[in-house]
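Written out below as structure tokens is the structure these notes cover.
The analysis underlying the following values was restricted to heavy atoms, covering all of them including side chains, and did not include hydrogens, waters or symmetry mates. Throughout, residue positions are numbered sequentially from 1 according to the sequence presented.
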Amino acid sequence: MTKITGDQALVKKINRSIILETIRRHAPVSRAKVSELTGLNKATVSNLVQELATHHLLQEIGPGESSGGRKPQLLLFNGQAGYAVGVELRVNQMTGVLTDLEGNIAAEADDSLAEHNVESVTQRMIAMIKELMQQAPPSPYGIIGIGVGVPGMVDGNGTVLFAPNLGWDMVPLQQRLEEELGLPVTIDNEANAGAQGELRFGAGQDARHLLYISAGSGIGSGIIINGELYKGARGYAGESGHMSIEADGKACSCGNRGCWELYASEKSYDDKGDRLPARRTSALIRHAEEGHAETIRHFQELGRYLGIGITNLVNGFNPQSVIIGGPLSDARAWIGDTLKQVVAERTLPYHKELMEIRFAELGSRSTMIGAAYSAISQFLGPVRVSVPAT
């Protein structure tokens, strides 16, 4: 967070960021409308629009409707001014996307992971990123950065402090990738990245207070408070998959017992022995579509356990919206009704009033697109201002 000073360059940077975001959200839009929406005077808007257009971030698309007098020139954010790569590291799979500056996917890649050796996974990630970079169309800025979402705790320097499902501890992933690729890299928890993806481009665009639940090989939560990602005192908030929902339950790799993700994630597949015909959600969805009874029952059980954990989070955070993402969001046809029923029955009445439960609009791509957005946001240089308490 940038502290307020009298520096005119900072004020200009703040105003430029506000104008760019306003045009991105409301385009096509005129300079006069931007002035009205932002509260900035017309001269300031006109000067900064000209600067942004010179830097290829805005473009005029011709005249709009006149309300009397000369027709206004309409503005668009130039989403094709550059491209970003977003990668999600899962337990059994690594996926990646190449997006433009508006989160639109230009290319995709995936790779299965049979083992989690840090050096091997890092090299395969670098190869995937390079493959995606080569598919970028020509643009003024080319590849502007890379974002990675990982299933674990990440510090402000992009070091993966602890990822129990990968067996990783103190891995300086950002440093390694930047040294190899020569581009800015952001690393974050995969649920935080997913929350950003849905907030900026998906089901959370109208929400100021939301919980994003990433349900796949584990469970994580991205917490948005007043439109901003909440990371906690030291940056590690959101490890909700390791809250206990069974006091004397199964042992977890994190050292706890009865963790939520043991019952409500893909980890639960291993408890079913031969009763399930597959161990990957994508394959199980195909079996459910064909009417396989045990698969359908298991998805419904997952929905019940997801509902129990979500109830705890809703009672604690009182969100405006809950968004379920990750691989299990693709099984919404079988988990959705049970999940919503449990939350409706167990949540405190005033907490569930006006609260919505949605599935991710970006589906299983929320984290990848959110990771790409982290790189985009660093490139566009948004400035957030905090006013010290008096």
Using a 3.5 Å cut-off and no angle test, enumerate the donor-acceptor pairs between side-chain atoms of residues 178-185 and protein atoms at least two apart in sequence or in another chain.
{"residue": "Glu178", "atom": "OE2", "partner": "Val185", "partner atom": "N", "Å": "3.0"}
{"residue": "Glu179", "atom": "OE2", "partner": "Gln175", "partner atom": "NE2", "Å": "3.1"}

Side chain to side chain contact (heavy atoms under 4.5 Å, CB included) between Ile19 and Val45, intermediate numbers included: CA-CA 7 Å; Ile19 289 170; Val45 169; 4.3 Å; yes
Residues Glu119, Arg124: salt bridge by 4.0 Å N-O rule: no
Side-chain hydrophobic cluster, 4.5 Å single linkage: members besides Leu210: Leu199, Tyr212, Ile224, Leu229, Ile323
Basic-acidic side-chain contact under 4.0 Å: Arg358, Glu198: no
Exam field: side chain Thr159 to backbone Leu161, donor-acceptor pair closer than 3.5 Å: no
Would you be so kind as to tabulate the donor-acceptor pairs closer than 3.5 Å made by side chains of residues 126-142, with sequence neighbours excluded?
{"residue": "Gln135", "atom": "NE2", "partner": "Glu131", "partner atom": "O", "Å": "3.3"}
{"residue": "Ser139", "atom": "OG", "partner": "Gly142", "partner atom": "N", "Å": "3.0"}
{"residue": "Tyr141", "atom": "OH", "partner": "His55", "partner atom": "O", "Å": "2.7"}

For residues 25-34, which side-chain N or O atoms pair as donor and acceptor with protein atoms under 3.5 Å away, sequence neighbours left out?
{"residue": "Arg25", "atom": "NE", "partner": "Glu21", "partner atom": "OE2", "Å": "2.9"}
{"residue": "Ser30", "atom": "OG", "partner": "Lys33", "partner atom": "N", "Å": "3.1"}
{"residue": "Arg31", "atom": "NH1", "partner": "Glu60", "partner atom": "OE2", "Å": "2.9"}
{"residue": "Arg31", "atom": "NH2", "partner": "Glu60", "partner atom": "OE2", "Å": "2.6"}
{"residue": "Lys33", "atom": "NZ", "partner": "Glu36", "partner atom": "OE2", "Å": "3.2"}

Tyr263 (side chain) donor-acceptor with Leu306 (main chain) under 3.5 angstrom: no
Sub-6.0 Å ring centroid separation between Phe317 and His351: no
Side-chain H-bond candidate by donor/acceptor type, Glu266 with Thr281, under 3.5 Å: yes
Ser244 versus Asn256, side-chain donor and acceptor atoms under 3.5 Å: yes
Heavy-atom check, side chain of Phe201 versus side chain of Tyr373, under 4.5 Å: yes
Any donor-acceptor N/O pair, Thr122 side chain to Val118 backbone, under 3.5 Å: yes
Residues which pass side chain to side chain donor-acceptor pair (under 3.5 Å) with Asp188, listed by chain and number, not counting sequence neighbours: Asn192, Lys231
Which donor-acceptor pairs under 3.5 Å do side chains of residues 81-92 form with protein atoms, sequence neighbours excluded?
{"residue": "Glu88", "atom": "OE1", "partner": "Arg90", "partner atom": "NE", "Å": "3.3"}
{"residue": "Glu88", "atom": "OE1", "partner": "Arg90", "partner atom": "NH2", "Å": "3.3"}
{"residue": "Glu88", "atom": "OE2", "partner": "Arg90", "partner atom": "NE", "Å": "3.4"}
{"residue": "Arg90", "atom": "NH1", "partner": "Gln93", "partner atom": "OE1", "Å": "3.0"}
{"residue": "Arg90", "atom": "NH2", "partner": "Ser364", "partner atom": "O", "Å": "3.2"}

Presence of salt bridge, Arg257 and Glu246, under 4.0 angstrom: no
Val148 side chain near Met125 side chain, heavy-atom distance below 4.5 Å: yes
Check: Ser120 side chain, Asn117 main-chain N or O, donor-acceptor pair, under 3.5 Å: no
